[in-house]
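Reading through the structure tokens given below for one structure.
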Amino acid sequence: MAILMNPKLLLAMVVITAISIIVISPSAFAAGSISQGFKIGEVLPESVGWFIVVGLGAVFAIVISLEIKVEEKFLGHTQTSEFFNTAGRTIGTGLTAAAIVSAWTWAATLLQSSTVAYEYGISGPFWYAAGASIQVLLFGILAIELKRKAPNAHTFLEIIRARFGDGAHRVFLVFALMTNMIVTAMLLLGGAAVVNGLTGMNISIAAFLIPIGVMIYTLVGGLKATFVADYMHTIIIFVVILTFVSTVYFISPVTGGFEGMYEKLVKAAELHPVEGNAMGAYLTMASMGGLIFGIINIVGNFGTVFVDQAYWQRAIAAKPSSTVKGFLVGGMSWFAIPFTLATTMGLTAVALGVSLTPEQVQLGLTVPAAASTLMGEVGAVMVLTMLFMAVTSAGSAELIAVSSLITYDVYRTYRNPNATGKQLLKVSRSVIVGFGLGMGGLAVILLGAGLSLGFVYLAMGVLIGSAVIPIALTITWKKTSGKAAVAGTIAGLVLALIAWCGTAVSLPQYGNQLSLASLGDNYSMLYGNVVGIIAGGIICLAGSIGNRKDYDWTEIKRKITLVDMKDHTIATEDEESLRKAFKFSVRGGGIMTLILIVAWPMPLIAAGYVFSVEVFTLWAMIAVCWVSGATFLIVGLPIIEARKGIARVIKRQKFAQEEHSGK
């Protein structure tokens, strides 16, 4: 606790903790050997990598910065500290949904989902999509509770401090920053690996340069800039996925459409049956490896939603009336991205017999390999562009999240409680520059240590999962004890690490030794992830049950205050409307969760069913229709909601102050 009492040491503690936990033994994956085996590094010239990373990054930095300036001129937006970190709390349903889709579309979404398709068949894409959608759907419950109980909040940690005091606040601050570091590491590990793998561009340089453009437009426009970038990037991602879908299932004679893909996948299973799958088939949900991955995926992603300030920030920025709908629409639209992309490109890699080394698979090179094999240089460029969109949009969300945490939970809380809006804005921008440059440095360190995207993705639940239930109970349950929440979080992490490492050294196939290979085994990851989230929850619940004092939620509203009030008002709704929204979020999120992880997959798993050509066609068509509908919603809704502002800009009509004041 001595370190936690000194905010200056928090960021250093997070860096040391994350690296020391993950880097336990020498790497099995050499960063410089990505292009060995499958010669994917020869697909594109290195100049293309530089164009994507530097040129495209600069274009988006300029365009988005100009868009923010246009809004300031014609729509009356002023860059106060409140607006910079909360986007005015006026974001509508469509842009909220687009921002959620974009923030949740990591490099792993595009790469790891296809990796598990390559390894386990159709169960991999489903469990990736379902296992990471339900967290966003259920987070809508916490989002509307935040609107009800803490409408002035800038971060979720402010709520923890208001309830439990400084000690608990510091503990959860460490977990929040560690979450941002883990997510950022995955973004850059995946992005840099693919840029290097396709173009031969130096992987460390790519990791360092990718965040620069993001840093520039986030520095100019704050959270609102990330929302605008999210929307533009998401459109491009959906367009690329639709292009791949059309090529694989409707155009290319190489794949042969639905029937051709089916025949090739059946032959692939005959040549290389999948261990643990029913009849060794790729076309079955009855997959032990897929199911284990699904459980790890579900547990780990609760941590990277519930403990990530980026998602709380989207809840804070949304209008009260748009919060629940935005998260539900965003969650269901996001499902289409990994489900459709991996069902298309992951299975294409299998069907076309693309050969990848285990190291290349773990680095997430399945999609680039499939795209370049199927479409040559065009496919490779499309993958690079799509991946760059995912990395930069999610990266901007992490940038502004860290900025808010340091600004409000370190600087305003412990250094300058009476800080003015100008001071807070200056700190926010300074943190963006510092973390923007540090993102690249962190990625270079992890690449030098040899960590892969797949390893970090599976390990994240071990490191942060114990904080999930304590955080959820803090904002939803009036009897939650601060001491129990802290105890559950810390003890849960310790127990998760013990289970993870203990399982790893018990595996005879790795010589009963602790190594990246044994730690990366499915069973090691499974036990570590599950123990972490369950232990954290049980300890927090057990320690809170005897708490006889009910917390007065009005205390949070009194303790969390705003800055720059003269230029800023908060959209509010009556308690009854918010209560109805809460009930809707519980029903909507709960029903969709049961459908995605129980009603849909479990009958197919229990039956051990292997798909016929008709069922596979139906399955693939569901993916096609889902991604088409999601594209329509994510592209169309924000335009419909912003039509008045767009018309004002087109007419070059400056914002009327009386309209802003509601007169």
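What you are looking at is a predicted structure, and each value in this text was computed from that prediction instead of being measured.
Sorted by first and then second residue, the side chain to side chain donor-acceptor pair (under 3.5 Å) pairs with a member in residues 49-64 read Glu46-Trp50; sequence neighbours excluded. Sequence neighbours left out, the pairs with a member in residues 308-317 that pass salt bridge (charged side-chain N to carboxylate O under 4.0 Å, His left out) are Asp230-Arg314.
For the residue pair Gln309/Ser404, the side-chain donor-acceptor check at 3.5 Å is not satisfied. When only modelled atom types and interatomic distance are considered, Thr218 and Ser396 share no side-chain donor-acceptor pair under 3.5 Å.
Partners of Ala206 under the side chain to side chain contact (heavy atoms under 4.5 Å, CB included) rule, at least two apart in sequence or in another chain, are Ala192, Val195, Met201. Not counting sequence neighbours, Ser333 has no partner by the side-chain hydrogen bond (donor to acceptor under 3.5 Å, both in side chains) test. Partners of Ala342 under the side chain to side chain contact (heavy atoms under 4.5 Å, CB included) rule, at least two apart in sequence or in another chain, are Ser113, Ser114, Ala117, Pro125. Considering only residues two or more places apart in sequence or on other chains, Phe156 meets the ring-ring contact (aromatic ring centres under 6.0 Å, His included) condition with Trp312. Not counting sequence neighbours, the partners of Ala132 by the side chain to side chain contact (heavy atoms under 4.5 Å, CB included) test are Trp104, Gln135, Asn297, Asn301, Trp334. A search for side chain to side chain contact (heavy atoms under 4.5 Å, CB included) contacts involving Ala130 returns Phe126, Phe335, Leu596, not counting sequence neighbours. Not a single side-chain hydrogen bond (donor to acceptor under 3.5 Å, both in side chains) links Glu119 to another residue, sequence neighbours left out. Here Thr93 pairs with Ser322 under the side-chain hydrogen bond (donor to acceptor under 3.5 Å, both in side chains) rule; sequence neighbours left out.
In this pair, Trp106 and Tyr457 present their aromatic rings perpendicular. The plane angle is above 60°, beyond the 30 to 60° band. Ring pair His154/Tyr408 is parallel by interplanar angle, where below 30° counts as parallel and above 60° as perpendicular.
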